[in-house]
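Here is the structure we will look at.
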Amino acid sequence: MMRSLALAALAATAVALAPPGAPRTLKTRRQAVVSEPDAKAKVSSANAKRQVGNDAFLNKDLRARARGGTGVVNDAKLKIGIVGAGLAGMVCAMDLADAGHEVEIFELRPFVGGKVSSWKDKEGNHIEMGLHVFFGCYYNLFGIMERTGSYDLLRMKEHIHTFVNKGGELGALDFRFPVGAPVSGLQAFARTEQLGWGDKAANALRLGTSPIVRALVDFDGGMDMVRDLDDITFTEWFTSFGGSRGSIDRMWDPIAYALGFIDCDHISARCMLTIFMLFAIRTEASVLRMLDGSPQTYLHDPIVKYLEERGVKINLRTGIRDIVYETDSSGKPCKVTGLQVQSELKEFDAVVAAVDLPGAKKLIPEPFRVYPEFDRIYELDAVPIATVQLRFDGWVTELQDQDKMKSTEGDLSDGRAPGIDNLLYSADAEFSCFADLALTSPAEYYKEGEGSLMQCVMDSRAYGRSEAQIVQDTLDQIHMLFPSSKQLTMTWSNVVKLGQSLYREKPGQDKYRPSQATPIPNFFLAGSYTYQDYIDSMEGATKSGLMCADEIVSKADAIAAEAAKNLDLPSGKVPPNVPGRGPLDMTAAVTFVDDGSFDANENTDMSQRPASAPAIDSF
């Protein structure tokens with residue numbers, strides 16, 4: 001039966017495999033919004049263009065580009081201010097510093113990392129926002145990690161995506177196979193225990209007629225079809241030619257929640273198919289890795305060290321009150337000249353807004369919206385999540401041996417503890433994805449004499465509940481998935497709510513994502529919500545930071561020439577009613593320890609710009 005399903009999937013490709021250049025019959029509700037040529041047109045730098053378009057999906061050389069930098073040292077030396085010390089901002093700063101520029105970063109939070117941040121509580125527990133998994137196709141991020149010496153700190157997992165169902169029943173997409181992609185993927189879907197035979201047959205029919213299969217013989221044609229699908233949901237696409245509701249409910253919804261924290265009825269078909277296009281083309285794309293410990297220690301600290309060795313200043317707990325700019329004769333903003341940093345005005349030749357989506361909406365001055373490129377940002381919105389951590393006195397995911405499940409004696413570090421050492425999905429729980437960090441990332445999350453540290457990401461279905469209720473609901477659902485865990489005691493819990501996390505990958509959003517270069521020649525954007533031909537993710541943030549640096553490096557001479565004409569900023573002037581703050585905090589590489597007062601949700605914006613900031617000539 002398995003062999004017949006695989007053959008059915010291959011046979012069905014005839015519908016999808018029109019020869020290159022042949023007219024395609026697949027239509028969406030509206031015209032495609034970002035075709036492949038349009039994607040490249042969104043960026044101007046030749047190097048940045050390499051990050052978008054069909055060829056970018058097959059271009060492993062991008063890893064070498066990230067590892068080696070731009071390869072350019074500009075003659076013009078710019079003074080550049082970067083707002084936001086997430087992955088996008090720090091990666092951008094790495095390239096700009098290597099290109100010879102003077103870079104200063106401003107971050108409102110008491111630590112770096114953005115949506116990939118981590119810190120410690122008073123008891124020494126590492127706290128995270130989200131669950132951070134590295135797909136094998138994160139070529140740019142892997143290149144950055146090689147550059148900073150942290151790539152070897154990743155722990156590769158078995159090439160299997162595991163689903164945990166009610167009662168402890170397991171299903172899987174098992175990609176382990178002697179032959180690589182696409183055969184390894186076809187057999188994984190054909191053999192999965194997560195679906196019944198009827199749903200498997202429907203799955204094979206729909207995937208067999210998908211752009212993914214066409215791309216195996218006509219990659220450009222397949223990718224163009226994927227781009228054309230941004231205006232419909234994955235459910236609309238999947239069920240339009242044979243896909244079943246059972247497949248959606250039991251397999252695709254958990255994957256959609258894990259990718260974007262929304263279900264298949266609401267996520268863009270382009271988003272889902274982009275990922276599975278990579279899985280189909282590259283065997284390694286679906287291999288998962290996780291850090292050996294916390295993001296602060298194993299990802300951010302090496303980047304911070306790299307930056308500080310090159311003279312980059314990183315200011316923590318430092319809000320930006322406003323962006324200072326000049327206007328042209330028509331009154332439109334035409335050049336950025338500096339930043340209002342707390343009570344100080346600082347001049348810069350170029351400014352990068354490397355903040356998340358809600359941060360961009362708050363940081364970008366209202367007059368900038370006269371340009372459609374800025375105004376369209378406000379069409380995007382973000383999804384809420386709650387990251388829940390539960391510590392136990394035994395091993396939750398150990399389903400075979402109850403004695404091992406209860407035993408925490410001896411040295412169980414370095415992944416020697418019993419249980420499932422991998423990312424997990426579930427169709428029966430409200431957390432989109434979860435893992436036992438004491439197993440998957442033991443260097444800092446395993447505690448001698450203690451057991452599992454379950455980290456579960458709740459989406460909007462649970463976000464509005466109290467933290468106590470979220471903890472109880474998570475515990476109840478863990479017991480439902482792992483019935484034997486009822487014999488264990490939860491010893492510690494923590495909840496981090498983030499009201500605006502990833503941007504919402506609903507249909508029709510790609511056309512609103514801004515490019516890194518903007519209509520204001522020396523003002524740039526970076527962040528995973530910006531257009532970089534990928535989804536909102538760590539890899540997307542890295543790509544955007546690299547593309548932003550490419551744009552600045554390519555324009556450095558022109559920016560420097562224009563900066564020489566800047567109007568002088570008013571000296572000795574302080575905006576009214578701005579409370580004074582302490583000196584700038586330069587301890588970016590020191591792990592932040594929360595005294596109990598930090599609220600991650602209050603700092604989502606990464607900016608302190610008031611709703612109505614004073615104009616430069618009003619103080």
Fill in: Gap separating the CE atom of M480 from the CG atom of N165, nearest 0.5 angstrom
9.5 Å
Worksheet entry | D301/K305 ion pair, N-O < 4.0 Å | no
Practice prompt. Take D265 and T235 through the side chain to side chain donor-acceptor pair (under 3.5 Å) test and state the conclusion after the steps.
Written response: CA-CA 5 Å; D265 292 347; T235 295; 2.7 Å; yes
Fill in: D411 and S413: side chain donor to acceptor below 3.5 Å
yes
Worksheet item: Okay, side chain of S544, backbone of G527: is any donor-acceptor separation there less than 3.5 Å?
Response: yes
Item to complete: Classify the side-chain pair D121/N125 by whether it contains a donor and acceptor separated by less than 3.5 Å.
Response: yes
Item to complete: Say whether N494 and E467, considering side chains only, have a donor N or O and an acceptor N or O under 3.5 Å apart.
Response: no
Worksheet item: How about S501 and I385: do any of their side-chain heavy atoms sit closer than 4.5 Å?
Response: yes
Worksheet entry | Plane angle bin for W237 and F234 - parallel if under 30°, tilted between 30 and 60°, otherwise perpendicular | tilted
Worksheet item: Side chain of S484, backbone of L399: donor and acceptor closer than 3.5 Å?
Response: no
Fill in: H479 and D476: side chain donor to acceptor below 3.5 Å
no
Discussion item. Cation-pi check for Y151 against R63: NZ or CZ below 6.0 Å from the six-membered ring centre and within 45 degrees of the axis, yes or no?
Written reply: yes
Worksheet item: Roughly how far, to the nearest 0.5 Å, is CG of L424 from CD1 of I420?
Response: 5.0 Å
Discussion item. Do R250 and S247 pair up side chain to side chain, a donor and an acceptor below 3.5 Å, judged on atom types alone?
Written reply: no
Worksheet item: Crowded around E169 CD? As in, over 12 foreign heavy atoms under 6.0 Å?
Response: no
Worksheet item: If you measure from CD1 on I303 to CZ on R147, what distance do you get to the nearest 0.5 Å?
Response: 9.5 Å
Practice prompt. Could you verify whether a donor N or O on one side chain and an acceptor N or O on the other, from D473 and Q469, lie under 3.5 Å apart?
Written response: yes
Fill in: Ring centre gap for H161 and F175 strictly below 6.0 Å
yes
Discussion item. Taking the ring of Y139 and the ring of F142, is the distance between their centroids below 6.0 Å?
Written reply: no
Worksheet entry | Partner residues of R176 under the side-chain contact (heavy atoms from CB on, under 4.5 Å) criterion, sequence neighbours left out | E158, H159, I160, D174
Worksheet item: Is K200 close enough and on-axis enough to F189, meaning under 6.0 Å and within 45°, for cation-pi?
Response: no
Worksheet item: Do the side-chain N and O atoms of T440 and D421 include a donor-acceptor pair separated by under 3.5 angstrom?
Response: no
Worksheet item: Are S118 and E128 linked by a side-chain donor-acceptor pair shorter than 3.5 Å?
Response: no
Worksheet entry | D230 and Q509: side chain donor to acceptor below 3.5 Å | no
Worksheet item: How long is the gap from CZ on R317 to CD on E107, to the nearest 0.5 Å?
Response: 11.0 Å
Worksheet item: How about H126 and Y445: does a side-chain donor come under 3.5 Å of a side-chain acceptor?
Response: no
Worksheet item: Does the distance from a Lys or Arg side-chain N to an Asp or Glu carboxylate O, for E505 and R270, drop under 4.0 Å?
Response: yes
Fill in: Nearest-0.5 Å distance that lies between atom CG in L390 and atom CE in M454
8.0 Å
Worksheet entry | Lys/Arg cation over aromatic W119: R109, 6.0 Å, 45° cone | no
Practice prompt. May I ask you to check whether N140 and E539 show a side-chain donor-acceptor distance below 3.5 Å?
Written response: yes
Practice prompt. Using the side chain to side chain donor-acceptor pair (under 3.5 Å) rule, take T491 and D393 through it: C-alpha gap first, then chi angles, then the decisive distance, then the call.
Written response: CA-CA 7 Å; T491 59; D393 63 354; over 6 Å; no
Discussion item. Check R461 with E430, please: is the shortest side-chain N to carboxylate O separation under 4.0 Å?
Written reply: no
Practice prompt. Give, for atom CH2 of W395 and atom CG of D401, the distance between the pair rounded to the nearest 0.5 Å.
Written response: 14.0 Å
Worksheet item: Does E123 CD have over 12 foreign heavy atoms under 6.0 Å away?
Response: yes
Worksheet item: Charged N to carboxylate O under 4.0 angstrom, D436 versus R391?
Response: no
Worksheet item: Could R513 and D536 be called an ion pair, given the rule that one side-chain N must be under 4.0 Å from one carboxylate O?
Response: no
Practice prompt. Applying ring pair (Phe, Tyr, Trp, His ring centres under 6.0 Å), run through Y257 and W252 and close with a yes or a no.
Written response: CA-CA 9 Å; Y257 276 120; W252 296 109; over 10 Å; no
Worksheet item: Is E284 paired with R289 through a side-chain N to carboxylate O contact shorter than 4.0 Å?
Response: no
